[in-house]
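Quick notes on the structure that follows.
FYI, the numbering just counts along the sequence from 1.
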Amino acid sequence: MIELDNVGYSYGGGELLSDVSVRLAPGSFHFLTGPSGSGKTTLMKLCYGALLPTSGTVRAFDADMRTRDRDEMAMMRRRIGVVHQDCRFLDHLPLADNIALPLMVSGHDMGQENANLRELMNWVGLSDRADALPPELSGGERQRAALARALIMSPDVVLADEPTGNVDWEMSQRLLQLLLELNRMGKAVLIASHDLGLIRAAKAHVQARVLRISNRQLHLAGADL
Ligand SMILES: Nc1ncnc2c1ncn2[C@@H]1O[C@H](COP(=O)(O)OP(=O)(O)O)[C@@H](O)[C@H]1O
Ligand SMILES: [Mg+2]
């Protein structure tokens, strides 16, 4: 689904990623670890086309990111759900509208989509928060809302950037269960996290591959983790 082939990424400050190759196949489950600043968020951005590699190739759904025009890029982005590290919402809009925003922007008939929206909010446990404004939400509610927003377009791939960064253990387990369930539904899942407890917990349920960025390169972590 998403393939990085000998990908390098450099910016003014130097080379951040070098010779990275990885394939996110349908139904696969990956963790991405590495110290803060090692390039996890950057690697995710390369996966969904927010950044283009400075060398090598990124393909999503069998097409090179570089050859897509704007419309094709927009179509591709609908198939990739992203939970951003700093999940931002429009603070003046109720939560339900924030989650539905990707649908509205892409011109869906909201009348038709209402049942989907309610089902999704129920699934993440936010049915009773539909009318709340984002500033009123707890950390765990924000993360579940960000997940719901990433899923509203029914993507094939879910990329979650430190989704349990600001929540307690119980909530991180709850988020993990949601991500595991998505994977069981056939979606490819990639989670950036340096929470080893979370990774161990996941490995009890799924054959997760653990990728680690160190010295600008991507390594497959051993089974000892
Ligand atoms: N285009 C850029 N310009 C300046 N700095 C960048 C750019 N891209 C990445 N960086 C830097 O590279 C480092 C890696 O960032 P990031 O991918 O966010 O790492 P992580 O998510 O692992 O913490 C950070 O120090 C960031 O400031
Ligand atoms: Mg990051």
### Query
Does the side-chain contact (heavy atoms from CB on, under 4.5 Å) test come out yes or no for Leu52 and Met65, once each step is laid out?
CA-CA 7 Å; Leu52 290 174; Met65 291 285 188; 3.7 Å; yes

Do the side chains of [Y] and [X] get nearer than 4.5 Å, heavy atoms only?
X: Leu117; Y: Ile152; value: yes
X: Thr164; Y: Glu162; value: no
X: Leu95; Y: Leu126; value: yes
X: Asn183; Y: Val158; value: no
X: Arg77; Y: Pro155; value: no
X: Met73; Y: Arg70; value: no
X: Thr33; Y: Ile213; value: no
X: His30; Y: Val189; value: no

Please round to the nearest 0.5 Å and tell me the distance separating atom [atom1] of [X] and atom [atom2] of [Y].
X: Ile199; Y: His194; atom1: CD1; atom2: NE2; value: 9.5 Å
X: Arg174; Y: Arg144; atom1: CZ; atom2: CZ; value: 4.0 Å
X: His205; Y: Leu176; atom1: NE2; atom2: CG; value: 6.5 Å
X: Ile191; Y: Leu198; atom1: CD1; atom2: CG; value: 6.0 Å
X: Met104; Y: Met110; atom1: CE; atom2: CE; value: 4.5 Å

### Task
Ignoring hydrogens and angles, state whether a donor on the side chain of Asn116 or Glu113 is under 3.5 Å from an acceptor on the partner side chain.
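The answer is yes; a qualifying pair exists.
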
### Message
Quiz question: by atom type and distance under 3.5 Å, do the side chains of Thr41 and Gln85 form a donor-acceptor pair?
### Response
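Looking only at side-chain atoms, Gln85 and Thr41 do form a donor-acceptor pair, the distance falling under 3.5 Å.
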
### Query
Would you say the side-chain atoms of Arg66 pair up with the backbone N or O of Val58, donor to acceptor, closer than 3.5 Å?
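Side chain of Arg66 to backbone of Val58, a donor-acceptor pair under 3.5 Å: no, none is there.
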
### Task
Check for a donor-acceptor pair, side chain of Lys187 on one end and backbone N or O of Gly27 on the other, with a separation under 3.5 Å.
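Such a contact is absent between Lys187 side chain and Gly27 backbone.
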
### Message
Quick test of your reading of the model: are Arg129 and Asp131 salt-bridged, counting only N-O distances below 4.0 Å?
### Response
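A salt bridge is absent here (no side-chain N lies under 4.0 Å from a carboxylate O).
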
### Task
Look at Asp156 together with Arg79 and state whether they make a salt bridge at an N to O cut-off of under 4.0 Å.
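Looking at Asp156 and Arg79, the cut-off is met.
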
### Task
Tell me, please, whether Phe29 has Arg209 positioned over its six-membered ring: NZ or CZ under 6.0 Å from the ring centre and within 45 degrees of its axis?
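Arg209 over Phe29 ring: no.
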
I need the minimum non-hydrogen distance between [X] and [Y], along with the two atoms involved.
X: Gly34; Y: Lys40; result: O-NZ, 2.8 Å
X: Tyr48; Y: His84; result: OH-CE1, 3.4 Å
X: Ala25; Y: Ala188; result: O-CB, 3.3 Å
X: Trp169; Y: Gly197; result: CH2-O, 3.8 Å
X: Lys203; Y: Ala208; result: CE-O, 3.5 Å
X: Ile2; Y: Leu4; result: CG2-CD1, 4.0 Å

### Query
Under a single-linkage definition using a 4.5 Å side-chain heavy-atom cutoff for Ile, Leu, Val, Met, Phe, Trp and Tyr, are Ile99 and Val83 assigned to the same hydrophobic cluster?
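Yes: a chain of side-chain contacts under 4.5 Å links Ile99 to Val83.
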
Side chains of residues 9-24: which donor-acceptor pairs under 3.5 Å do they make with residues two or more places apart or in other chains?
residue: Glu15; atom: OE1; partner: Arg216; partner atom: NE; Å: 3.2
residue: Asp19; atom: OD1; partner: Asn6; partner atom: ND2; Å: 2.6
residue: Ser21; atom: OG; partner: Asn6; partner atom: N; Å: 2.8

### Task
Can you establish whether the number of heavy atoms outside Asp97 located under 6.0 Å from its atom CG is more than 12?
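Yes.
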
